[in-house]
Amino acid sequence: DIQMTQSPSSLSASVGDRVTITCRASQDIGNFLGWFQQKPGKAPKSLIYAVSTLQAGVPSKFRGSGSGTDFTLTISSLRPEDFATYYCQQYYNYPLTFGGGTKVEVK
Amino acid sequence: EVQLVEFGGGLVQPGGSLRLSCVGSGFTFSNYWMTWVRQAPGKGPEWVANIKHDGSEKYYVDSLKGRFTISRDNAQNSLYLQMNSLRVEDTAVYYCARLYCDTPLCQKVYFQQWGQGTLVTVSS
């Protein structure tokens, strides 16, 4: 199975900050990587697929990059609604696997 | 508007069975691969199973093969998850989601819309 490792597991930031979350795959997954946002008590929301392509309706403040095994999600100009937990996920092969999550908290 | 609504969660005793349903609307259900993902309390999401648009291909996480079965009824715009021999560790919110093909033959599929989830609690 492909292991997905996210770092950090949590971070504190202020409104207006830019934050970067890292996701590392245990093997080359090409560009078959997605990112999700989840708020407490809610379903995950798909943000990005294919490393950097925004899902419909997702603002351009979310930017994904990387390839192979190392990927990043950058969120610019944090707003109150951006404080949430973010997950990466590989869909290169089965079983599909998620990272452990990064909680973005208010400083 | 695309909507996915899950039904069928609840409290079940260890060893029991439960069938979850997910009804899709606002899109042509029969054109899409679908998936089940679960999330135990305080944990990250765990992929459970995928099913091809016509039901002819199914993929499962190894740890649940033989106990869980994914199926669909395109005439009813419905996706199902039959869960047997339930264990305490199966306690989770179960989500259905619509998938989209990222390659021509759908070898790679990514998540699009998610349902709101249904809670399954396995406890005596």
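Since this is a predicted model, take the numbers as computed values, not measurements. Chain A is the first sequence line, chain B the second, and so forth, proteins listed ahead of strands; every chain is numbered from 1.
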I need the [X] [atom1] to [Y] [atom2] distance, nearest 0.5 Å.
| X | Y | atom1 | atom2 | answer |
| --- | --- | --- | --- | --- |
| Leu33(A) | Asp102(B) | CG | CG | 11.0 Å |
| Tyr110(B) | Phe32(A) | OH | CZ | 11.5 Å |
| Gln107(B) | Tyr92(A) | CD | OH | 11.0 Å |

Is [Y] reachable from [X] through a run of I, L, V, M, F, W or Y residues, each pair having side-chain heavy atoms under 4.5 Å apart?
| X | Y | value |
| --- | --- | --- |
| Trp36(B) | Leu119(B) | yes |
| Val2(B) | Leu54(A) | yes |
| Val23(B) | Val93(B) | no |
| Met4(A) | Tyr94(A) | yes |
| Val15(A) | Ile21(A) | yes |

Item checked: Contacting moiety of Gln116(B), where chain A heavy atoms sit under 4.5 Å -> backbone

Margin query: Report which part of Thr35(B) has an atom under 4.5 Å of a heavy atom belonging to chain A: side chain, backbone, both, or neither.
Written below: neither

Counting heavy atoms not belonging to [X], are there more than 12 under 6.0 Å from its [atom1]?
| X | atom1 | result |
| --- | --- | --- |
| Lys42(A) | NZ | no |
| Arg67(B) | CZ | yes |
| Tyr100(B) | OH | no |
| Lys58(B) | NZ | yes |

Next item on the list: Quick one: do Gln38(A) and Gln39(B) satisfy side chain to side chain contact (heavy atoms under 4.5 Å, CB included)? Show the steps, please.
Entry: CA-CA 12 Å; Gln38(A) 188 175 33; Gln39(B) 189 168 28; 2.7 Å; yes

Checklist line | Which atom of Ala43(A) lies closest to which atom of Gly115(B), heavy atoms considered | finding: CB-O, 3.1 Å

Next item on the list: Of all the heavy-atom pairs spanning Tyr95(B) and Pro44(A), show the shortest one and how long it is.
Entry: CZ-CD, 3.8 Å

Item checked: Largest heavy-atom contact set with chain B, pairs under 4.5 Å, which of Gly101(A), Ser46(A), Ala56(A) -> Ser46(A)

Check: For the residue pair Phe36(A) and Trp114(B), does the interplanar ring angle fall in the parallel (under 30°), tilted (30 to 60°) or perpendicular (over 60°) class?
Finding: perpendicular

Next item on the list: Among Pro45(B), Ala97(B), Gly44(B), Gly117(B), single out the residue with the greatest number of heavy-atom pairs under 4.5 Å to chain A.
Entry: Pro45(B)

Checklist line | Whether Gln55(A) side chain and Phe111(B) backbone form a donor-acceptor pair below 3.5 Å | finding: yes

Next item on the list: Measure from the side-chain N and O atoms of Lys108(B) to the backbone N and O of Tyr91(A), and report whether any donor-acceptor pair falls under 3.5 Å.
Entry: no

Check: Pro95(A) pairs by side-chain contact (heavy atoms from CB on, under 4.5 Å) with which of Val48(B), Val61(B), Asn50(B)?
Finding: Val61(B)

